[in-house]
Amino acid sequence: ARRIVHYLQNYYTSNRLYKELVDTRIIFADLHVLRNYNSCYHHNIVSEETMCNNIALVGEALAARGKFRLAAALFLECKDIWVRGVHLRGQSLFYHEAGLAFKRSGDFQLAQENYTRAMWCEAIG
């Protein structure tokens with residue numbers, strides 16, 4: 001199933017079929033969550049990081065479709081999951097991606113706030 005999803009993601013990206021790309025990336029994230037369902041009851045940082053990265057791919061696909069505020073919300077959701085981990089650099093990445101999405105949506109105040117949080121995480125992480 002993973003190879004099929006990767007093939008579809010590459011095909012949809014190269015042909016700019018972003019709606020379909022969002023759908024396949026959601027499926028891929030769901031597959032990861034289902035595969036690691038038992039680890040949800042145990043603190044598994046590696047699993048959380050991988051899950052966040054897969055969900056972030058959905059955010060990137062949404063941003064490619066012009067759904068910037070939805071993408072930003074998804075990046076901030078990933079940041080909240082990542083908080084349980086110990087890596088501030090990961091949080092910094094999601095704050096930065098959310099800032100970029102807010103900037104593209106025209107909400108410069110939220111963009112600046114998220115960029116500032118990203119720099120803070122980088123400075124102390």
Side-chain angles (χ1 to χ4, degrees):
R2 182 177 281 212
R3 272 192 231 159
I4 293 170
V5 172
H6 279 295
Y7 169 79
L8 289 173
Q9 287 180 4
N10 291 335
Y11 175 79
Y12 293 145
T13 301
S14 63
N15 290 299
R16 297 179 183 226
L17 300 169
Y18 297 119
K19 179 191 177 302
E20 292 81 2
L21 179 62
V22 170
D23 293 340
T24 56
R25 288 189 169 168
I26 289 171
I27 290 168
F28 188 68
D30 286 345
L31 285 173
H32 178 78
V33 170
L34 289 173
R35 185 170 52 101
N36 292 304
Y37 181 74
N38 289 333
S39 68
C40 291
Y41 297 105
H42 306 294
H43 187 64
N44 187 343
I45 292 172
V46 174
S47 176
E48 288 177 355
E49 289 177 2
T50 307
M51 182 174 66
C52 286
N53 289 332
N54 289 327
I55 294 171
L57 291 174
V58 177
E60 290 174 5
L62 287 168
R65 290 194 63 214
K67 304 210 178 259
F68 302 117
R69 294 193 66 78
L70 187 56
L74 202 55
F75 290 128
L76 291 175
E77 184 76 22
C78 288
K79 181 267 313 168
D80 290 338
I81 293 170
W82 204 290
V83 166
R84 290 180 249 160
V86 294
H87 305 294
L88 288 175
R89 294 184 71 103
Q91 291 178 31
S92 172
L93 171 71
F94 293 123
Y95 274 128
H96 182 269
E97 292 294 329
L100 180 61
F102 281 126
K103 182 178 104 174
R104 289 180 176 164
S105 75
D107 193 337
F108 300 111
Q109 178 66 34
L110 282 174
Q112 182 180 3
E113 289 173 15
N114 282 282
Y115 284 137
T116 302
R117 289 179 184 136
M119 290 188 296
W120 180 82
C121 286
E122 281 291 321
I124 67 168

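Residue numbers count from 1 along this sequence.
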Look up atom CD in Glu122 and atom CG in Leu93, then write down how far apart they are to the nearest 0.5 Å.
9.0 Å

Kindly compute the distance separating CG (Asn15) from CG (Asn10), expressed to the nearest 0.5 Å.
10.5 Å

Partners meeting side chain to side chain donor-acceptor pair (under 3.5 Å) with Glu20 (sequence neighbours left out)
none

For a 4.5 angstrom cut-off between non-hydrogen side-chain atoms, does Leu17 reach Tyr11?
yes

Can you sort out the partners of Tyr12 under ring pair (Phe, Tyr, Trp, His ring centres under 6.0 Å), two or more places apart, ordered by chain and number?
none

Non-hydrogen atoms of Phe68 and Ser105 that approach each other most closely
CB-CB, 3.7 Å

Starting at CG of Leu74, measure out to NZ of Lys67 and round the result to the nearest 0.5 Å.
13.5 Å

Kindly write out the residues that satisfy side chain to side chain donor-acceptor pair (under 3.5 Å) with Arg117, not counting sequence neighbours, or none if the list is empty.
none

Smallest separation among heavy atoms of Ala118 and His96, with atom names
CB-N, 3.8 Å

Search all heavy atoms of Gly59 against all heavy atoms of Phe75 and return the closest pair with its distance.
C-CZ, 3.7 Å

With side chains defined as the heavy atoms from C-beta onward, is the minimum distance between Tyr115 and Leu100 less than 4.5 Å?
yes

For a quick test of reading the model, state the closest non-hydrogen atom pair linking Ala56 to Cys78 and the distance between them.
N-SG, 3.9 Å

A side-chain contact here means heavy atoms from C-beta on lying under 4.5 Å apart; do Asp107 and Glu113 qualify?
no

